[in-house]
Amino acid sequence: MLPIILIGTFVITLDVFIVNVAIPATQRDLHAGSSAVEFIVAGYALAYAAGLITGGRLGDLYGRRRMFLIGVALFTLSSAWAGSAPTAGQLVAARVAQGLASALMGPQVLAIIGTVYSGPARIRAFNAFGLTMGLAGVFGQLIGGVLIHLDIAGLSWRTCFLVNVPIGIAALVFAPRVVPESKAQGKSRLDPLGMLLVSAGLVAVVLPLAEGQQKGWPEWTWVCLAVSPVLLALFALYQRRLAAADRGPLVNPALFRQRSFTVGVSTALVYYSGMASFFLVLALYLQQGCGLSALDSGLVFLPLGVGFLGVSLTAKQIAAVLGRQTLAVGALVLTASLIGLYAAVEHIGTHGEVAWLVPGLLVGGAGMAMVMAPLATVALAGTDPRYAGAASGVLSTANQVGGAIGVALVGVVFYHVLGNGTGPDAYADAFRASVYLLVPFALGVAALVQLFPRPPKKAPTS
């Protein structure tokens with residue numbers, strides 16, 4: 001079962017990163033303007049983030065396997081649409097459809113793992129989830145660069161979307177045979193007002209953060225950011241009211257009474273704030289500063305993947321020794337990596353040998369693996385199976401919102417330094433300036449881990 005459902009996690013994460021290397025060719029082929037290009041990237045992330053909590057709850061109510069299969073089918077169809085889109089407008093619409101399908105499919109993976117597995121098997125399954133997500137993120141740009149370089153059947157950038165079609169068909173064939181159905185026990189119902197409030201609140205957060213930097217932070221971005229806490233506060237109050245009346249809230253407030261879940265969501269928010277922005281500024285430095293092609297830039301990310309994969313394969317042994325502190329140690333290793341990359345970029349600028357980045361990237365991959373692999377395990381430990389889908393949706397939403405916040409904050413610093421510099425060397429200065437924000441994100445993860453509840457002590461044996 002596990003490889004089949006993890007296909008969903010892989011393609012969801014892959015489509016966040018693979019599109020970055022496809023943008024230049026897409027812009028030339030479809031004559032896309034700057035606004036359309038922005039929404040080819042942001043439309044997917046926006047729809048995905050806005051629909052995750054609702055998607056998780058739909059799985060709880062109507063069956064997690066059923067919602068997973070519907071999500072895979074819609075994702076496959078929308079990927080085919082994106083790969084054959086004749087205009088930029090259709091590609092934007094297809095990307096939004098991909099995001100909505102991902103929001104339906106994604107939360108079911110963690111929910112199915114949490115309800116099907118238990119004990120050591122659950123830990124191994126969560127580790128496999130973290131490994132899959134990390135590999136898709138780390139190798140996303142390399143996979144995209146290879147596909148564009150191969151130019152299969154003259155399809156160029158379109159293969160970055162069409163590659164999802166055979167993968168999705170395979171999942172649709174095998175999932176009904178091996179994935180058991182599960183849903184929340186007892187009678188419940190949809191929460192339309194809650195769905196509307198949380199979706200609007202998340203859009204009001206993610207949209208200005210995704211678009212503000214490129215558009216110069218116009219007035220509407222600040223209005224959205226001011227309205228978003230109001231909408232999310234109304235959502236929280238409404239959920240409490242429904243829970244008190246036993247009327248099936250979209251997100252039961254009881255989830256946040258579990259300290260492991262609350263701290264886990266906070267940790268995910270901080271971690272992905274740093275990681276999403278790290279991938280962005282490193283790609284900009286390599287491609288626009290050092291002048292590397294999409295394929296060559298993807299190859300530079302290879303040591304990151306090697307470090308990630310190597311440590312992920314020993315995650316069980318590391319966790320047996322360090323326990324929950326595995327996340328803290330991983331965050332500190334990641335901090336050391338960022339400092340090493342800072343020094344390497346200072347040494348090579350934009351004209352030196354990029355091989356100087358390899359040691360820092362290897363160490364960074366190891367640190368990411370130590371955080372990503374156990375994070376879901378620790379955050380969802382002890383979650384009531386009735387709310388597995390909703391809990392998975394909230395955790396995944398924290399990942400997406402964290403990424404948007406990080407890209408916005410680090411982007412302000414990166415582009416400010418870039419704007420004050422001249423020539424390609426300014427990209428080296430902008431990358432090093434970004435590290436000043438990325439290090440506190442990593443250290444914040446190490447600090448938050450200390451708030452997780454301590455595991456119960458085992459009774460002494462006679």
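Nothing fancy with the numbering, it's 1 onward along the sequence.
Inter-residue side-chain proximity for Leu327 and Leu375 is flagged as met; some heavy-atom pair is nearer than 4.5 Å. Counting heavy atoms from C-beta outward, Gln325 and Phe452 have side chains that stay 4.5 Å or more apart. For the pair Met370/Leu322, a side-chain contact is recorded, criterion being any heavy-atom separation below 4.5 Å from C-beta on. Annotation: side chain of Leu202 is not in contact with side chain of Leu52 (no heavy-atom distance under 4.5 Å). At least one side-chain heavy atom of Leu2 sits under 4.5 Å from a side-chain heavy atom of Ile113. Counting heavy atoms from C-beta on, the side chains of Pro374 and Phe126 never come closer than 4.5 Å. Inter-residue side-chain proximity for Val19 and Arg95 is flagged as met; some heavy-atom pair is nearer than 4.5 Å. Two residues are said to be in side-chain contact when any heavy atoms from C-beta on lie closer than 4.5 Å; Leu341 and Val435 fail this criterion.
Of the possible donor and acceptor atoms, none in the side chain of Ser273 sits under 3.5 Å from a partner among the backbone N and O of Gly403. Distance alone, capped at 3.5 Å, places no donor-acceptor pair between the Arg64 side chain and the Val109 backbone. Looking only at distances, no side-chain donor or acceptor of Thr13 sits under 3.5 Å from a matching main-chain atom of Phe10. Distance alone, capped at 3.5 Å, is enough to place a donor-acceptor pair between the Thr159 side chain and the Ser156 backbone. Between the side chain of Gln239 and the main chain of Leu250, a donor-acceptor pair closer than 3.5 Å is present. Checking side-chain atoms of Ser396 against main-chain N and O of Ser392 turns up a donor-acceptor pair under 3.5 Å. A donor-acceptor contact shorter than 3.5 Å links the side chain of Arg158 to the backbone of Ala85. With Gln108 contributing its side chain and Leu104 its backbone, the two residues share a donor-acceptor pair below 3.5 Å. Remark: the backbone N or O of Ala331 is paired with a side-chain donor or acceptor of Thr335 at under 3.5 angstrom. Under a 3.5 Å cut-off, the side chain of Thr262 and the backbone N or O of Arg259 do not form any donor-acceptor pair.
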Quiz prompt | side chain to side chain contact (heavy atoms under 4.5 Å, CB included) evaluation trace for Leu286 with Leu357 | solution = CA-CA 11 Å; Leu286 291 172; Leu357 301 174; 3.9 Å; yes
Quiz prompt | side chain to side chain contact (heavy atoms under 4.5 Å, CB included) between Val206 and Ile405, intermediate numbers included | solution = CA-CA 8 Å; Val206 176; Ile405 292 172; over 6 Å; no
Quiz item: Is there a side chain to side chain contact (heavy atoms under 4.5 Å, CB included) between Ile143 and Ile18 once you walk through the steps?
Solution: CA-CA 7 Å; Ile143 293 170; Ile18 198 172; 4.1 Å; yes
Self-check item: side chain to side chain contact (heavy atoms under 4.5 Å, CB included) between Ile12 and Met133, worked out
Solution: CA-CA 9 Å; Ile12 288 171; Met133 192 172 176; over 6 Å; no
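In terms of heavy atoms, Asn164 sits closest to Ser79 at ND2-OG, 3.3 Å. Considering every non-hydrogen atom in both Ala376 and Leu110, the closest pair reads CB-CD2, 4.0 Å. The nearest pair of heavy atoms linking Gly264 to Leu395 is O-CD1, 4.1 Å. In plain terms, the two heavy atoms of Tyr117 and Arg122 that are nearest each other are O-NE, 3.1 Å. Nearest heavy atoms, Leu334 versus Gly364: CD1-O, 3.8 Å. The two residues Ser312 and Phe308 have their closest heavy-atom pair at OG-O, 2.7 Å.
Atom-to-atom distance recorded for Asp15:CG and Phe161:CZ is 7.0 Å, nearest 0.5 angstrom. Atom CG of Leu282 sits about 7.0 Å away from atom OG of Ser297, to the nearest 0.5 Å. Between the NE2 atom of His149 and the CG atom of Leu142 there is a distance of 11.5 Å, given to the nearest 0.5 Å. In this structure, Met195 CE and Arg57 CZ are separated by 11.5 Å, a value rounded to the nearest 0.5 Å. Taking OH of Tyr238 as the reference point, atom CG of Leu197 lies at 8.0 Å (rounded to 0.5 Å). From Phe431, atom CZ reaches atom CZ of Phe278 across 5.5 Å, with rounding to the nearest 0.5 Å.
For Phe256 and Phe261, the ring centers sit closer than 6.0 Å to each other.
For residues 314-346, the set of pairs meeting the ring-ring contact (aromatic ring centres under 6.0 Å, His included) definition, not counting sequence neighbours, comprises Tyr342-Tyr436. Screening residues 43-54 for side chain to side chain donor-acceptor pair (under 3.5 Å) gives Tyr44-Ser102 as the qualifying pairs, with residues at least two apart or on separate chains.
Counting heavy-atom neighbours within 6.0 Å of Trp356 CH2, excluding the residue itself, gives a total of 12 or less.
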